[in-house]
Amino acid sequence: MGYNLPRTQALAQAARQRFWSQVWRFGISVAITAVFAIWQGAALTSFTWTILILLMCVPLVFVGIAFFRWRAAIRDVALVREGIALRVGRPGIVVAGETVPWAQVGRLTTRRGKLGGSRLLVVERHGAPELTLPLDLLSVSPAQLDNAVRAYSGARLGVDLSALDE
């Protein structure tokens, strides 16, 4: 299964557009608040100023969230390499160039990504560090991956997809 570069780039582009959309919304909120503050001027109490400042923090939080999601999408694009991302076969599974025989695979599961990043396929190995691969980078669906793992491992293993339901 190869890397899905066009999809990964499209996700990064969408995250970039969401970020700039949030920046524009924040700018409009600041402009409306400034006009209101100038218009009301001296009539504003300290309580009103506190409320206005707190209301400015809400869109600023959304800008921050959109920024971190954009950065996570850029990190996912940087993970794309030439060649095969994942290979499932009778001898075992190859994840990002590292071969793991079925006898050494403890469990295959999924995990949520950090800060809006891609969900991860996690290969837990007996006596070795786990291997991870972002699922959004693959050109197959998680269900297709689960079916291939079940078929090639002789039904001994499957991919635990429960983290995708959250």
Side-chain angles (χ1 to χ4, degrees), residues 1-29 56-166:
M1 292 159 239
Y3 289 101
N4 192 351
L5 181 59
R7 181 170 185 268
T8 308
Q9 288 175 331
L11 290 172
Q13 182 65 23
R16 177 182 174 272
Q17 289 173 344
R18 279 191 301 272
F19 169 72
W20 287 110
S21 173
Q22 290 296 337
V23 168
W24 277 103
R25 288 178 185 157
F26 177 68
I28 290 169
S29 298
M56 288 289 81
C57 290
V58 173
L60 189 59
V61 167
F62 287 119
V63 167
I65 290 170
F67 177 76
F68 284 117
R69 287 187 175 167
W70 179 26
R71 299 303 300 168
I74 290 171
R75 276 194 315 270
D76 286 348
V77 170
L79 292 173
V80 174
R81 298 179 192 90
E82 289 294 322
I84 301 296
L86 177 73
R87 179 178 292 149
V88 179
R90 286 281 176 214
I93 186 169
V94 179
V95 179
E98 190 164 342
T99 303
V100 183
W102 289 121
Q104 292 181 359
V105 176
R107 189 169 89 134
L108 289 140
T109 186
T110 55
R111 185 185 305 154
R112 294 184 63 162
K114 296 178 184 175
L115 296 174
S118 173
R119 298 159 303 177
L120 302 171
L121 170 68
V122 181
V123 180
E124 296 177 7
R125 303 181 291 176
H126 299 296
E130 64 186 25
L131 300 171
T132 59
L133 181 70
L135 283 174
D136 288 343
L137 299 183
L138 299 178
S139 58
V140 297
S141 72
Q144 290 171 316
L145 177 60
D146 180 43
N147 288 335
V149 167
R150 287 182 193 280
Y152 283 111
S153 71
R156 291 182 304 241
L157 294 168
V159 180
D160 178 12
L161 301 174
S162 60
L164 303 181
D165 295 335
E166 297 173 358

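Basis for what follows: all heavy atoms, side chains included, without hydrogens, waters or symmetry-related copies. FYI, the numbering just counts along the sequence from 1.
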Roughly how far, to the nearest 0.5 Å, is [atom2] of [Y] from [atom1] of [X]?
{"X": "Arg150", "Y": "Leu157", "atom1": "CZ", "atom2": "CG", "value": "9.0 Å"}
{"X": "Ile65", "Y": "Leu60", "atom1": "CD1", "atom2": "CG", "value": "10.5 Å"}
{"X": "Ile93", "Y": "Gln104", "atom1": "CD1", "atom2": "CD", "value": "12.5 Å"}
{"X": "Leu120", "Y": "Thr109", "atom1": "CG", "atom2": "OG1", "value": "10.5 Å"}
{"X": "Ser29", "Y": "Trp24", "atom1": "OG", "atom2": "CH2", "value": "13.0 Å"}
{"X": "Gln13", "Y": "Arg18", "atom1": "CD", "atom2": "CZ", "value": "10.5 Å"}

- [ ] Please say whether more than 12 non-hydrogen atoms of neighbouring residues, nucleotides or ligands are located less than 6.0 Å from CZ in Phe26.
- [x] yes
Task: Other residues, nucleotides, ligands: >12 heavy atoms within 6.0 Å of Arg125 CZ - done: yes
TODO: Keeping the roles fixed (side chain from Asp146, backbone from Gly158), state whether a donor-acceptor pair exists under 3.5 Å.
DONE: no
Task: Contacts of type ring-ring contact (aromatic ring centres under 6.0 Å, His included), residue Phe19, not counting sequence neighbours - done: Phe67, Trp70
Open item on the list: When you compare the side chain of Leu145 with that of Val88, does any pair of heavy atoms fall below 4.5 Å?
Closed with: yes
Open item on the list: Taking the side chain as everything from C-beta on, heavy atoms only, tell me whether Leu86 gets closer than 4.5 Å to Val140.
Closed with: no
Open item on the list: Run the side chain to side chain contact (heavy atoms under 4.5 Å, CB included) test on Arg156 and Trp102 for me, step by step, so that the C-alpha distance in whole Å, both residues' side-chain angles and the decisive distance to 0.1 Å come before the verdict.
Closed with: CA-CA 9 Å; Arg156 291 182 304 241; Trp102 289 121; 3.5 Å; yes
- [ ] Run through Leu121, Val122, Asp160 and flag the one making a side-chain contact (heavy atoms from CB on, under 4.5 Å) with Arg111.
- [x] Val122
Open item on the list: Determine whether Arg119 and Leu135 satisfy the following criterion, side chain to side chain contact (heavy atoms under 4.5 Å, CB included), listing intermediate values before the conclusion.
Closed with: CA-CA 6 Å; Arg119 298 159 303 177; Leu135 283 174; 4.3 Å; yes
- [ ] Taking all non-hydrogen atoms of both residues into account, name the closest pair between Ala15 and Arg69 and its distance.
- [x] CB-O, 4.1 Å
